[in-house]
Amino acid sequence: MSNATTAAHGDNYLNHEKGLWSWLSTVDHKRIGLMYMATVLTYFLIGGIFALLIRLELLHPTQTIMDANTYNRMFTYHGAIMVFLVVVPAIPTTLGNFLLPMMLGAKDVAFPKLNLASYYVYLAGGLFATASLFLRGADTGWTFYTPYSIRTSGTVILVLTGAFIAGFSSILTGLNFIITIHKLRAPGLTWSRLPLFVWATYATSIIQILATPVLAITLALLVMERVLRIGIFDPAIGGDPVLFQHFFWFYSHPAVYIMILPAFGVVSEVIPVFSRKPIFGYKAIAYSSFAIALIAFIVWGHHMFVSGESEFAAFLFSLITMFVAVPTGVKVFSWVGTMYGGSIRFNAPMLYAFGFLELFTVGGLTGVFLATLAVNVHLTETYFVVAHFHYVMVGGTLMALLAGMHFWFPKMFGKMYSESCARVAWFLILVGFNVTFFPQFILGAQGMPRRYWSYLPEFTLLNQISTVGSWLIAAGFLFTAFYLIKALISGEKAPSNPWNALTLDWQTPSPPPHDNFPVTPIVTDWPYEYRPDGAIVPIQGAAPLPA
Amino acid sequence: MSSTHESAYPVHHVGHHFNNASDEFEAAKQGMWVFLVTEILMFGGLFVAYGIFRGMYPEMYVEAHHALQMKMGALNTIVLITSSLTMALAVSATQRGKKQRAIGMMAATIFLACCFLVVKYFEYSHKFHEGLLPGAFYSNTEITNPKAPLFFSLYFMMTGLHGIHVLIGIGLISWMILRSLRNEFSENFYTPVELVGFYWHFVDIVWIYLFPLLYLVS
């Protein structure tokens with residue numbers, strides 16, 4: 001009980017040790033989670049500035065602010081930074097690191113030192129990739145397609161090395177999480193009582209450990225291609241550039257589920273809390289994550305319908321791709337089923353969960369359009385594809401990240417933010433997002449190709465609408481940064497469980513003590529027993545929550 | 001855990017987040033297995049590339065493989081399998097608390113690993129000399145198949161990645177010897193040695209696949 005007393009006196013993980021070095025050398029998963037968050041958000045700012053510049057250039061059909069070569073580098077860095085350094089690690093490394101041990105009732109992840117090492121590996125990868133910015137840069141697009149990526153001048157090797165290194169961070173984090181979930185669950189926390197965020201993280205980790213090593217060897221071969229001219233991807237000496245595409249998408253398609261599955265996990269936690277109802281279809285949501293993870297590995301060919309794939313292969317890949325919609329649909333219907341008949345509270349996290357549902361559903365369904373062979377041939381390499389994956393990656397993952405950040409902000413920092421500010425920012429981001437990307441569906445359907453610096457004059461109006469939308473998003477994010485920083489400095493003190501949520505992470509003070517729990521919890525139930533007259537806390541000896 | 005011989009064998013401190021030493025041991029072992037799965041997938045990319053080009057250019061593979069020195073490859077196979085035996089003996093000696101024997105066996109493993117690299121060095125320098133080099137650097141005139149450079153690209157990438165793993169293994173085993181000398185291991189705590197053993201057997205198994213695929217094409 002001595003721990004509980006110190007916790008009551010304000011000893012928590014933020015002030016347990018002091019000084020910069022205590023952060024840089026920490027093995028506390030909560031601090032590592034915050035360090036990841038700071039770094040990921042920094043890269044998000046850099047990638048976001050590139051996005052704004054790209055949109056600004058596209059304000060006019062001819063040159064607005066930069067020449068074509070600069071533009072090529074811009075979209076390459078926007079893509080590479082956002083994919084490898086922001087969206088892939090966004091939820092697992094920040095919320096995942098912070099929450100996974102807490103949701104399990106554990107004191108830390110299984111390998112705390114490895115966890116810190118993963119952070120520095122990630123940081124090193126990011127520094128490599130961004131260092132090349134100050135040299136000649138790269139203009140390959142984030143996909144590094146051969147043979148162009150072999151021949152183009154510029155510092156492609158640095159970017160490849162950065163992505164290669166960052167990949168190991170992803171692998172080690174996945175490994176750490178899998179073992180943590182197996183070995184460090186609190187007494188009574190059986191598999192069928194695990195929070196859905198944990199299930200989603202588990203499925204994500206499986207993809208991370210199985211797909212990322214293939215990316216590693218692919219990027220290593222491409223580096224060798226540039227250094228030693230080994231020719232494996234180079235048609236000049238009998239190599240096969242399409243083999244590169246196969247290898248690349250064997251990672252990069254599953255990688256989109258690395259991006260979206262943790263988002264599903266966040267939404268699955270937020271919706272029942274703010275609907276005050278038990279989650280609908282617990283097992284369906286949990287298992288469908290694994291169904292998605294499995295199918296993820298056998299659909300990569302749908303990125304290559306026009307790359308000379310056989311018609312039979314294309315037919316199979318198209319069919320299997322459509323199967324992805326089934327487990328995904330199971331989830332969406334389960335979330336809607338959870339809300340049905342609930343008493344919904346429109347707090348900021350729930351608003352972002354709604355935003356997620358709207359945008360992700362549009363993104364997911366346009367994915368089915370693109371999986372259809374005949375439609376794909378028409379839409380491939382157009383802005384329709386750009387709009388589709390932004391609806392999934394930004395509308396899905398980023399909305400869920402924002403939902404999660406607003407949901408767990410009080411737990412992480414022990415402060416409350418301004419709810420009304422959060423609503424304004426949410427509105428700006430949601431509207432701005434649709435204004436930016438919806439016109440791109442139309443542009444794509446009309447045939448505007450992606451990755452070009454200029455466009456035909458008849459596309460001007462829609463492009464200008466899209467650019468104005470990007471300013472709205474930027475305003476929304478700046479405002480979010482403003483009120484969250486303000487909350488950090490002068491926010492009201494947060495109670496330990498402001499949303500009356502049931503997962504273990506909420507059954508401890510805010511911010512949590514160094515060892516997470518004053519006493520190791522003994523779990524007696526699943527964490528979704530919300531009832532019209534209150535909620536049942538799934539811990540031995542805990543009092544029920546009021547309605 | 002406390003007993004009189006603590007000073008001779010410093011007790012390993014179980015991580016504060018584990019319930020007991022056996023949980024910690026199991027977690028470490030599972031972690032190593034998962035890590036080896038990721039290794040298999042990384043090598044897997046190269047094996048797939050090997051398979052695809054073998055399907056595309058089967059005659060070239062037969063012609064090019066004659067340039068490899070089969071006897072040296074076979075010798076290295078024997079050397080590595082023996083090193084797996086010495087490593088297994090080292091692990092078992094550590095588990096039984098026989099420090100001197102464990103250190104001797106690990107030293108033998110390092111010696112055999114170095115033998116492997118020396119043989120590899122002679123093989124590589126022979127190929128450099130003959131111009132049997134990857135891709136654009138290929139300059140051999142005896143094997144005239146225009147696709148032959150691809151075979152040597154794959155040869156150097158596959159054996160190179162494996163060679164890097166051998167080097168890392170030497171480093172890890174040396175570290176284990178150092179920790180043994182510092183009396184860090186006992187019958188109660190031998191996790192790191194066992195895990196390095198896992199790794200070393202994996203490196204060995206990769207070579208057991210590489211040898212027939214590269215040297216014994218027909």
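Proteins get letters first, then strands, A, B, ... in listed order; numbering begins at 1 in each. For the numbers below, each heavy atom of this structure counts, side chains included, while hydrogens, waters and symmetry mates do not.
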inquiry  = Does B/E142 have more than 12 heavy atoms from other residues, nucleotides or ligands lying within 6.0 Å of its CD?
reply    = no
Largest heavy-atom contact set with chain A, pairs under 4.5 Å, which of B/D23, B/L46, B/I52, B/L161 = B/L46
More than 12 heavy atoms from other groups under 6.0 Å of CH2 on A/W191 = yes
note = Turns out that what part of A/L184 lies under 4.5 Å from chain B's heavy atoms comes down to side chain
query = Taking side chain as C-beta onward, heavy atoms only, is A/L228 less than 4.5 Å from B/M157?
reply = yes
query = What residues of residues 25-37 of chain B sit under 4.5 Å from chain A when only non-hydrogen atoms are counted?
reply = B/E26, B/A27, B/A28, B/Q30, B/G31, B/V34, B/F35, B/V37
ask   = Does some side-chain heavy atom of B/M42 sit less than 4.5 Å from a side-chain heavy atom of A/T212?
value = no
task = Side-chain contact test, heavy atoms from C-beta onward, threshold under 4.5 Å: evaluate it for A/P213 versus B/E39 and give yes or no.
result = no
ask   = Can you say whether B/F152 sits under 4.5 Å from chain A via the side chain, the backbone, both, or neither, judging by heavy atoms?
value = neither
task = Spell out, as yes or no, whether a donor-acceptor pair under 3.5 Å connects the side chain of B/H17 to the backbone of A/V109.
result = yes
task = Give, as side chain, backbone, both or neither, the part of A/L243 having an atom under 4.5 angstrom from any heavy atom of chain B.
result = side chain
task = Look up atom CG in B/L41 and atom CZ in A/F250, then write down how far apart they are to the nearest 0.5 Å.
result = 7.0 Å
note = Note: vs chain B, highest number of non-hydrogen pairs under 4.5 angstrom among A/P101, A/A236, A/A216, A/G238 is A/G238
query = Using non-hydrogen atoms only, which part of A/I209 is less than 4.5 Å away from chain B: side chain, backbone, both, or neither?
reply = both
key: B/M56, CE atom: more than 12 neighbouring heavy atoms under 6.0 Å   = yes
Interatomic spacing from CD1 in A/I232 to CG in B/L154 - rounded to 0.5 Å = 4.0 Å
task = First locate atom CE of A/M224, then atom CZ of B/F156, and finally report the distance between them rounded to the nearest 0.5 Å.
result = 12.5 Å
task = Would you indicate whether B/H129, at its atom NE2, is surrounded by more than 12 heavy atoms from other residues, nucleotides or ligands within a distance under 6.0 Å?
result = no
task = Name the region of A/D240, side chain, backbone, both or neither, that has any atom closer than 4.5 Å to a heavy atom of chain B.
result = both
inquiry  = For A/R229, I'd like to know if atom CZ has over 12 heavy atoms of other residues, nucleotides or ligands within 6.0 Å.
reply    = no
ask   = Would you say A/I237 and B/Y138 make side-chain contact, with heavy atoms under 4.5 Å?
value = no
ask   = What part of A/F244 gets closer than 4.5 Å to chain B, counting heavy atoms only: side chain, backbone, both or neither?
value = neither
inquiry  = Looking only at heavy atoms and a cut-off of under 4.5 Å, which of A/A106, A/A211, A/G231, A/G239 has the most pairs with chain B?
reply    = A/G239
Interface moiety of A/L215 toward chain B, non-hydrogen atoms closer than 4.5 Å = neither
request  = Report yes if the side chains of A/F247 and B/V48 come closer than 4.5 Å at any heavy-atom pair, otherwise no.
outcome  = yes
note = Residue from A/L175, A/D108, A/T520 scoring the most non-hydrogen pairs under 4.5 Å with chain B is A/L175
Heavy-atom neighbours of B/Y121 OH exceed 12 at 6.0 Å = no
task = Give, for atom CD of A/Q208 and atom OG1 of B/T38, the distance between the pair rounded to the nearest 0.5 Å.
result = 12.0 Å
